[in-house]
Amino acid sequence: MQEKPADPHPLSDLAYDWITLMQNKAQALLAYDQYIKDAEAAGSPECAAFFRKVHDSDKAQLAEAKQHLVAVLQGTMGAGKRPA
């Protein structure tokens with residue numbers, strides 16, 4: 001039996017995509033925190049409320065993306081897998 005050569009790219013494109021998306025969402029959350037502070041400093045509770053809404057939405061999407069990444073890394077999603 002012949003051993004497979006080491007994979008030069010240990011992450012699949014799909015796993016890399018999820019990691020990149022998560023990094024971008026995490027950076028956005030930090031930016032939104034600053035936007036909220038800026039809106040509050042400008043005396044605009046409406047703007048601050050909107051930035052909080054966007055922040056909360058991205059935070060929820062980040063949590064969901066983490067679940068997808070775990071599934072991809074465990075091999076239960078992607079790699080030709082079809083949804084049941």
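Because only heavy atoms are used, hydrogens play no part in the values below, and waters and symmetry mates are left out as well, while side chains stay in.
- Looking at heavy atoms from C-beta onward, Tyr16 lies out of side-chain contact with Ile19 at the 4.5 angstrom threshold.
- Under the side-chain contact (heavy atoms from CB on, under 4.5 Å) criterion, Ala31 pairs with Tyr35, not counting sequence neighbours.
- Each salt bridge (Lys or Arg N to Asp or Glu O under 4.0 Å) pair with one or both residues in residues 53-67, not counting sequence neighbours, appears once here: Lys25-Asp58.
- A distance of 10.0 Å separates CG of Leu21 from CG of Leu69, quoted to the nearest 0.5 Å.
- Of all the heavy atoms in Ala39 and Ala48, the pair that sits closest is CB-N, 3.5 Å.
- Counting only heavy atoms from C-beta outward, the side chains of Asp17 and Val72 never approach each other to under 4.5 Å.
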> Would Ile36 and Glu40 count as a side-chain contact (heavy atoms from CB on, under 4.5 Å) if you check the C-alpha gap in whole Å, the side-chain angles of each, and the deciding distance to 0.1 Å?
Replying inline: CA-CA 6 Å; Ile36 292 165; Glu40 289 170 344; 3.7 Å; yes
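- In this structure, Leu73 and Ala15 approach most closely via the heavy-atom pair CD2-CB, 4.0 Å.
- In this view, His55 satisfies the ring pair (Phe, Tyr, Trp, His ring centres under 6.0 Å) rule with no residue, not counting sequence neighbours.
- The CZ atom of Phe51 lies 8.0 Å from the OG atom of Ser44; values are rounded to the nearest 0.5 Å.
- Between atom CD of residue Gln61 and atom CE of residue Met22 there is a gap of 12.5 Å, rounded to the nearest 0.5 Å.
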> Can you list the steps and then say if Thr76 with Val70 is a side-chain contact (heavy atoms from CB on, under 4.5 Å)?
Replying inline: CA-CA 9 Å; Thr76 58; Val70 169; over 6 Å; no
